[in-house]
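We're numbering straight along the sequence, starting at 1.
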Amino acid sequence: MKRYFIYALLLAVTGMSFTACSEDELDSQSVIVGTKARQNDFDKWLEANFVIPYNIEYKYRYEDGETDLNYYEVPPRMKEAIKLAHIVKYTCVEAYNAAAGVDFTRRYFPKLFYIMGEWEYENNGNIKLGVAEGGKKIYLLGANYLDNALQDKSVLDEYYLKTIHHEFTHILNQTQDYPKEYSQVTPTLYVNDDWSTSPNDAGYLQRGFVSAYSQKEVREDFAEMVSTYVITPKDKWEKMLKEAVPKSGNTTGRDAILAKLKIAKTYFKEAFNIDLDVLRDEIVSRELDVVYGKVNLDDLTVK
């Protein structure tokens, strides 16, 4: 009844407005005024470091239109939003500049980062860390826990930086799909949504996967392979490969991981002229700068 009443009332008002407009000139100024927050120092820094050089928007204020309404969402605290913006710029955007050139970054890097303070918790106990949407947007979660990760590279990687590289790989795949031969390396071992439950949550290296989540499906496997590789130092990567070989000496898992990596390297080189080893060295070095406190994550000086 209420909907019908409002609809009818709008029709009545519309009818009266047509009658009035027939005699009066329309005002050139719209009566609909959008709301816009006053630009602060952080906004000016973002404009100078994201918008102007890369046409990238970094949203940290809550917006219904950008948010997944299936979850209770919490916006980020200002200090964490600032630190995360510095980390994205230094360890991701500028790392791709160094390894692939600024033209690549301007063309392919997502044009919108939307930041939320809390994770999204699913009913099965899994935590959603981020989402890539439409090849243009990365929805990044959990910013309010960032301080807990700044002293430990593995934590910073797992909950933030790997997420960015994972989602960016999806964006690149939407531009040019990964080779179909990738799906033939471990074609029968994908487990869909059972990746986080026993026995799939352990022993994944020996089955040819770099993470438990990579067992979900081929598309996620490819993104996990790339994102895991570019954040992993050489010594740690070699350790993972050794763990992929069980005591029995069966090298099937290790061989599968190396086969997938070879395909991923070829894809990045042929599709985007990126050497994944060069990119990895750049990203790892910059991450260590952050962890060792060599980067001022609070500076809002506009140069």
Side-chain angles (χ1 to χ4, degrees), residues 91-92 95 119-122 124-132 138-142 145 148-149 152-173 178-179 181-246 250-265 267-268 276-277 279-280 283-284 287 291:
T91 69
C92 299
W119 313 113
E120 290 181 354
Y121 299 91
E122 299 183 342
N124 60 6
N126 293 330
I127 300 175
K128 188 182 293 185
L129 304 179
V131 179
I138 289 183
Y139 182 36
L140 197 59
L141 304 163
Y145 299 97
N148 298 330
D152 188 332
K153 181 183 180 301
S154 62
V155 177
L156 185 63
D157 280 340
E158 186 64 27
Y159 289 95
Y160 300 97
L161 299 181
K162 181 182 174 183
T163 300
I164 295 172
H165 297 298
H166 177 109
E167 301 303 340
F168 186 36
T169 301
H170 282 318
I171 287 174
L172 293 177
N173 291 161
Y178 56 82
E181 61 184 295
Y182 191 94
S183 64
Q184 300 305 311
V185 180
T186 51
T188 62
L189 299 182
Y190 295 101
V191 295
N192 298 315
D193 290 334
D194 293 330
W195 62 270
S196 63
T197 59
S198 181
N200 302 315
D201 57 347
Y204 47 82
L205 288 171
Q206 298 175 12
R207 292 189 292 274
F209 298 93
V210 294
S211 69
Y213 185 55
S214 61
Q215 300 169 108
K216 179 178 172 65
E217 60 186 18
V218 179
R219 184 175 68 95
E220 298 301 339
D221 187 12
F222 190 87
E224 282 289 280
M225 170 58 69
V226 173
S227 58
T228 299
Y229 187 72
V230 299
I231 63 170
T232 305
K234 295 177 182 179
D235 58 341
K236 187 175 179 180
W237 179 257
E238 290 301 321
K239 182 179 179 181
M240 288 175 60
L241 291 178
K242 289 181 180 179
E243 291 177 5
V245 180
N250 187 335
T251 63
T252 301
R254 179 181 181 275
D255 294 343
I257 290 173
L258 290 176
K260 291 176 181 179
L261 177 60
K262 182 178 180 180
I263 295 171
K265 285 185 173 182
Y267 165 83
F268 268 82
L276 274 191
D277 290 324
L279 180 60
R280 174 177 67 170
I283 289 172
V284 169
E287 288 181 13
V291 173

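- Annotation: ring pair (Phe, Tyr, Trp, His ring centres under 6.0 Å) contacts of Phe268 (sequence neighbours excluded): none.
- Side-chain contact between Thr169 and Met225 is absent, with no heavy-atom pair separated by less than 4.5 Å.
- Here the side chains of Leu129 and His166 are not in contact, with every heavy-atom distance at 4.5 Å or above.
- Looking at every heavy atom in both residues, Asn148 comes nearest to Val155 through O-CG1, 4.5 Å.
- Thr186 contributes atom OG1, which lies 10.5 Å from atom CZ of Arg207 (distance to the nearest 0.5 angstrom).
- Nearest heavy atom pair, residue Asn250 against residue Pro246, reads O-CD, 3.0 Å.
- For the pair Ile231 and Lys153, the tightest heavy-atom approach, listed with the atom from each and the gap, is O-NZ, 2.6 Å.
- Note: Tyr267 and Tyr178 fail the aromatic proximity criterion, with ring centroids not under 6.0 Å apart.
- The minimum heavy-atom distance linking Leu279 with Ala95 is given by the pair CD1-O, 4.1 Å.
- Not less than 6.0 angstrom separates the ring centroid of Trp119 from the ring centroid of Tyr139.
- The side chain to side chain donor-acceptor pair (under 3.5 Å) check on Tyr229 picks up Lys265, Asp277, Arg280, with sequence neighbours excluded.
- Proximity of the aromatic rings of Tyr190 and Trp195 is defined here by a centroid distance below 6.0 angstrom, and this criterion is not met.
- Expressed to the nearest 0.5 Å, how far CG of Asp221 lies from OG of Ser183 amounts to 10.0 Å.
- The main-chain N or O of Ser211 is found under 3.5 Å from a side-chain atom of Ser214 such that the two form a donor-acceptor pair.
- Going from atom CD1 of Ile138 over to atom NE2 of His165 covers 9.5 Å, rounded to the nearest 0.5 Å.
- With hydrogens and angles disregarded, no donor-acceptor distance shorter than 3.5 Å links the side chain of Lys239 to the backbone of Lys234.
- Of all heavy-atom pairs spanning Asn200 and Ala212, the tightest one is O-CB, 4.2 Å.
- Here the CD1-NZ distance, from Ile283 to Lys162, works out to 13.0 Å after rounding to the nearest 0.5 Å.
- Atom CG of Asn192 and atom CD of Gln215 lie 11.0 Å apart (nearest 0.5 Å).
- Between atom CG of residue Leu156 and atom OG1 of residue Thr91 there is a gap of 7.0 Å, rounded to the nearest 0.5 Å.
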Next on the checklist: I'd like to know whether Val245 forms a side chain to side chain contact (heavy atoms under 4.5 Å, CB included) with Gln206, so could you lay out the CA-CA distance, the side-chain angles of the two residues, the decisive distance to 0.1 Å, and finally the verdict.
Outcome noted: CA-CA 6 Å; Val245 180; Gln206 298 175 12; over 6 Å; no
Checklist entry - Does the pair Asp152 and Val291 meet the rule for a side chain to side chain contact (heavy atoms under 4.5 Å, CB included), with working shown? => result CA-CA 7 Å; Asp152 188 332; Val291 173; over 6 Å; no
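- Of all non-hydrogen atoms in Tyr160 and Ala149, the two that sit nearest each other are CE1-CB, 3.9 Å.
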Item to check | side chain to side chain contact (heavy atoms under 4.5 Å, CB included) assessment of Ile263 paired with Glu181 | outcome: CA-CA 8 Å; Ile263 295 171; Glu181 61 184 295; 3.7 Å; yes
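- At a threshold of 4.5 Å between non-hydrogen side-chain atoms, the residues Glu220 and His170 count as touching.
- In this structure, Lys216 fails the cation-pi test against Phe209, since its NZ or CZ atom is not both closer than 6.0 Å to the six-membered ring centre and inside 45 degrees of the ring normal.
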Next on the checklist: side chain to side chain contact (heavy atoms under 4.5 Å, CB included) for Ser196 and Asp201? Distances and angles first, verdict last.
Outcome noted: CA-CA 5 Å; Ser196 63; Asp201 57 347; 5.6 Å; no
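- The number of heavy atoms from other shown groups lying within 6.0 Å of CZ (Phe168) is above 12.
- Residues satisfying the salt bridge (Lys or Arg N to Asp or Glu O under 4.0 Å) criterion with Asp194, sequence neighbours excluded, are absent altogether.
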